[in-house]
**Student:** 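A single structure is presented below for examination.
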Amino acid sequence: MKDGMLAGAAGGAYQVLYEVTLGVIGVLLLLCLVRAIRGPRIADRVIAVNMMGTLVVIAICTLAFLLGEGYLVDIAMIYTMLSFLAVVLLTRIAMGVWRGKHHSGAQGV
Amino acid sequence: MARLRDDWEHSPWRNFLRWLREGDDALDRAMIASLDAPAPELREETAPEAPALPAEEPLSEKRRRRLRAIYIALSVLLCVGIIGVLVRTAGSLPSFGGAENPANNEVSRRYIEQGLQETGAVNLVAGMILDYRAFDTLGESNVLFAAACAVMLLLRALGWREGGTELPGHEPHSDIILQKISMVLVPLILLYGMYVILNGHLSPGGGFSGGAVMGAGLILCANAFGIEVTRRFFTFRTFQLVSLFALSFYALSKAYSFFTGANGLHSFITAGTPGRIFSAGLIPYLNLAVGLVVCCTMYGLYGVFRRGDV
Amino acid sequence: MEWFRFALSAALTLFGLFVLVSAVLGVFRFRYALSRIHAAALVDTLGILTMLCGLMVAQGFSDATWKMLAVVGFLWLTSPVASHLIGRLEVTVNDDLAEDMAVADPALVREEKESED
């Protein structure tokens with residue numbers, strides 16, 4: 001990962017292309033946030049949060065190329081893991097809460 | 001807020017107080033009484049009820065209102081006092097960006113220019129927090145340990161969920177698809193966490209972030225396979241031993257700064273060639289210790305908050 | 001050669017952006033959560049593949065390229081499981097499922113909601 005990639009003849013073109021990409025991903029993130037706030041049910045919100053995580057991963061990898069720093073992709077990997085873990089735990093807890101409300105008294109503590 | 005033991009009345013402290021108050025005969029009588037006392041029952045498998053609190057008399061309305069007024073007055077006074085002290089202190093700080101401020105002296109230039117050859121760490125931040133300022137990071141690790149101890153004391157002592165194996169609430173049993181994927185993923189995540197910890201001196205990462213990744217891997221394992229499987233290799237005893245030994249290793253390596261001052265001793269573990277994994281003196285080992293403490297703390301706090309026991 | 005690499009990377013990136021925009025559009029326009037899962041899965045599979053392939057072509061072979069391949073592999077392993085879990089959540093929590101869509105097997109839905117595991 002060298003800055004020479006962006007300093008050559010095509011360097012300016014890469015810069016423009018990926019800066020436009022980052023802008024578009026930013027707008028898409030805001031739209032997903034709107035869906036997360038508006039979504040009438042919890043499943044809509046979890047879908048939106050998962051999608052926001054993946055969009056952020058794409059943005060981090062793009063930044064890793066633009067800045068020439070290869071280790072930023074490690075952060076993208078960690079973010080993927082964390083968003084998957086978040087979905088696993090959120091669905092588990094949401095199902096537990098719902099069943100707790102509807103089965104009160106069926107199962108002890 | 002620790003639980004009283006079952007034989008508290010006959011514990012050494014109570015015996016001492018009894019001897020102090022009443023003399024030798026009373027102590028003999030108390031010892032004979034303790035031998036005759038019935039043995040504490042074996043705990044049954046079903047969860048016992050919550051311990052009953054002593055009944056209180058209700059306060060009269062006037063007294064309650066007066067107590068409430070005093071409480072509010074004292075709270076306001078305390079807050080105003082603390083705010084006054086803080087504002088006064090902030091007002092006497094040096095101005096932002098002044099030339100003689102401690103933040104602008106020659107220390108940062110020395111770290112940047114000679115950090116690589118003095119510590120051997122390619123990642124200058126790791127070199128700073130684990131070599132130049134290792135004493136401060138010891139304080140941070142202690143804060144983490146103290147927080148974990150406080151949470152364990154408060155939440156594990158609730159008694160009726162100790163050793164709990166049941167799922168909190170009415171959660172569904174684990175999915176078979178999640179289990180099959182976790183069989184592949186959990187080892188990979190733990191391996192990745194170890195990579196981040198061990199590469200702390202070569203690339204951004206280090207003990208704190210790598211420990212968090214390993215903790216997340218353990219949380220996924222507990223969610224996918226259930227608590228019984230995870231307890232085969234991570235119990236409360238593991239949590240205690242790993243935290244204790246990791247933190248003791250860190251403390252013993254760096255606590256001599258109490259006696260020798262900020263510069264420390266000249267390390268006989270050489271800095272090595274920068275860029276290799278076994279370079280930078282003690283930094284990889286300190287990273288490992290911090291990473292293990294953070295991993296145990298993350299998983300331990302998750303377990304204690306979810307089901308009352310690790 | 002440079003311009004060929006740029007053209008390939010630009011084509012992949014622009015197609016990837018098109019996929020991402022359609023996915024977000026789908027999440028907004030579909031009416032039910034179970035349909036939105038289909039739209040959201042576009043991002044996790046085709047969207048990230050084309051975007052990261054565009055980045056890998058632009059970089060050439062370096063450490064970061066293999067790491068990006070690892071990110072794509074990890075995401076492909078975990079994204080179907082996440083979608084499955086969200087689908088299970090929707091079926092369990094949603095009380096009006098039978099009014100919105102045709103349920104093929106009501107016994108399964110009831111078992112999901114009431115099983116005492």
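By convention in this document, chain letters (A, B, ...) are assigned in the order of the sequence lines, proteins followed by strands, and residues within each chain are numbered from 1.
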**Student:** If you round to the nearest 0.5 Å, how far is CG of A:L17 from CG of C:L14?
**Tutor:**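 CG of A:L17 is found 6.0 Å from CG of C:L14.
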
**Student:** In Å, rounded to the nearest 0.5 Å, how long is the span from CG of C:L55 to SG of A:C61?
**Tutor:**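 Atom-to-atom, C:L55:CG and A:C61:SG are 7.0 Å apart.
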
**Student:** Considering only heavy atoms and a distance below 4.5 Å, find which of C:V81, C:I48, C:L52 pairs most often with chain A.
**Tutor:**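 Answer, by heavy-atom pair count under 4.5 Å with chain A: C:I48.
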
**Student:** Give the minimum heavy-atom separation between C:Q59 and A:F65, together with the two atoms involved.
**Tutor:**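 Heavy atoms only, the tightest pair is CG-CD1, 3.4 Å.
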
**Student:** With a 4.5 angstrom heavy-atom cut-off, is it the side chain or the backbone of C:T13 that approaches chain A, or both, or neither?
**Tutor:**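 Contact with chain A: side chain only.
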
**Student:** Output yes when C:D95 and A:R41 qualify as a salt bridge under the 4.0 Å nitrogen-oxygen rule, no when they do not.
**Tutor:**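 Salt bridge between C:D95 and A:R41, a charged N being under 4.0 Å from a carboxylate O: no.
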
**Student:** Checking A:V88 against chain C: side chain, backbone, both or neither under 4.5 Å from a heavy atom?
**Tutor:**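 Its backbone and side chain both get close to chain C.
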
**Student:** Only pairs of heavy atoms separated by less than 4.5 Å count here; which of A:I25, A:D74, A:L90 has the most with chain C?
**Tutor:**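 Heavy-atom pairs under 4.5 Å are most numerous for A:D74.
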
**Student:** Less than 4.5 Å to any heavy atom of chain A: does that hold for the side chain of C:M68, its backbone, both, or neither?
**Tutor:**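 For C:M68, the contact with chain A is made by backbone and side chain together.
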
**Student:** Give the minimum heavy-atom separation between A:T80 and C:F74, together with the two atoms involved.
**Tutor:**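 Where A:T80 meets C:F74 most closely, the heavy atoms are CG2-CD2, 3.7 Å.
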
**Student:** At what distance, to the nearest 0.5 angstrom, does CE of A:M95 lie from OG1 of C:T92?
**Tutor:**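 It is 5.0 Å, given to the nearest 0.5 Å.
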
**Student:** Among C:A82, C:A23, C:G87, which has the most heavy-atom pairs under 4.5 Å with chain A?
**Tutor:**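 Looking at each of C:A82, C:A23, C:G87 in turn, C:A82 comes out on top.
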
**Student:** Quick check for you: to the nearest 0.5 Å, what is the distance between A:R92 atom CZ and C:L85 atom CG?
**Tutor:**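 A:R92 atom CZ to C:L85 atom CG measures 9.5 Å (nearest 0.5 Å).
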
**Student:** More than 12 heavy atoms of other residues, nucleotides or ligands under 6.0 Å from CZ of C:F18: is that the case?
**Tutor:**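 Count not over threshold, so no.
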
**Student:** Side-chain donor-acceptor pair under 3.5 Å between C:S9 and A:Y18, yes or no?
**Tutor:**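 Side chains of C:S9 and A:Y18: pair found under 3.5 Å.
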
**Student:** Taking all non-hydrogen atoms of both residues into account, name the closest pair between C:V93 and A:W98 and its distance.
**Tutor:**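 In terms of heavy atoms, the two residues are closest at O-NE1, 3.3 Å.
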
**Student:** What heavy-atom pair brings A:Y71 and C:K67 nearest, and what distance separates the two atoms?
**Tutor:**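 Reported closest heavy-atom pair: CA-NZ, 4.1 Å.
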
**Student:** Which one, A:V24, A:T21, A:V20, leads in non-hydrogen pairs under 4.5 Å with chain C?
**Tutor:**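 It is A:T21.
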
**Student:** Under a 4.5 Å heavy-atom cut-off, does chain C meet the side chain of A:S83, its backbone, both or neither?
**Tutor:**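 It is neither, since no heavy atom gets under 4.5 Å.
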
**Student:** Got a second to check how far A:T91's OG1 is from C:R88's CZ, nearest 0.5 Å?
**Tutor:**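 Going from OG1 on A:T91 over to CZ on C:R88, the span is 8.5 Å.
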
**Student:** C:L17 versus chain A, heavy atoms under 4.5 Å apart: side chain, backbone, both or neither?
**Tutor:**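 Only the side chain of C:L17 comes within 4.5 Å of chain A.
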
**Student:** Please find the pair of heavy atoms, one from A:I47 and one from C:A33, that lie closest to each other, and give the distance.
**Tutor:**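 Where A:I47 meets C:A33 most closely, the heavy atoms are CD1-O, 3.6 Å.
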
**Student:** For C:L75 and A:F84: C-alpha separation, side-chain torsions, deciding distance, then whether side-chain contact (heavy atoms from CB on, under 4.5 Å) applies.
**Tutor:** CA-CA 9 Å; C:L75 202 62; A:F84 172 61; over 6 Å; no

**Student:** When rounded to the nearest 0.5 angstrom, what is the spacing between CG in C:L20 and CG in A:L29?
**Tutor:**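 One gets 10.0 Å once the value is rounded to the nearest 0.5 Å.
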
**Student:** So which residue, A:I58, A:N50, A:T62, ends up with the most heavy-atom pairs under 4.5 Å with chain C?
**Tutor:**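 So the answer, after comparing A:I58, A:N50, A:T62, is A:I58.
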
**Student:** For C:Y32, does the OH atom have more than 12 heavy-atom neighbours from other residues, nucleotides or ligands under 6.0 Å away?
**Tutor:**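 More than 12 heavy atoms, drawn from other residues, nucleotides or ligands, come within 6.0 Å of this atom.
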
**Student:** What option among C:L34, C:I37, C:N94 has the most heavy-atom pairs under 4.5 Å with chain A?
**Tutor:**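 Looking at each of C:L34, C:I37, C:N94 in turn, C:N94 comes out on top.
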
**Student:** Which answer fits A:V73, side chain, backbone, both or neither, if we ask what part of it has an atom under 4.5 Å from a heavy atom of chain C?
**Tutor:**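 For A:V73, backbone and side chain are both near chain C.
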
**Student:** Can you give me the closest heavy-atom contact between A:C32 and C:V24, atom names plus distance?
**Tutor:**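 Closest heavy-atom pair between A:C32 and C:V24: SG-CG2, 4.2 Å.
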
**Student:** Under a 4.5 Å cutoff for heavy-atom pairs, which residue among A:V27, A:L31, A:V46 has the most contacts with chain C?
**Tutor:**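 Between A:V27, A:L31, A:V46, the count favours A:L31.
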
**Student:** Tell me, side chain or backbone of C:I86 under 4.5 Å from chain A's heavy atoms, or both, or neither?
**Tutor:**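 Both backbone and side chain.
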
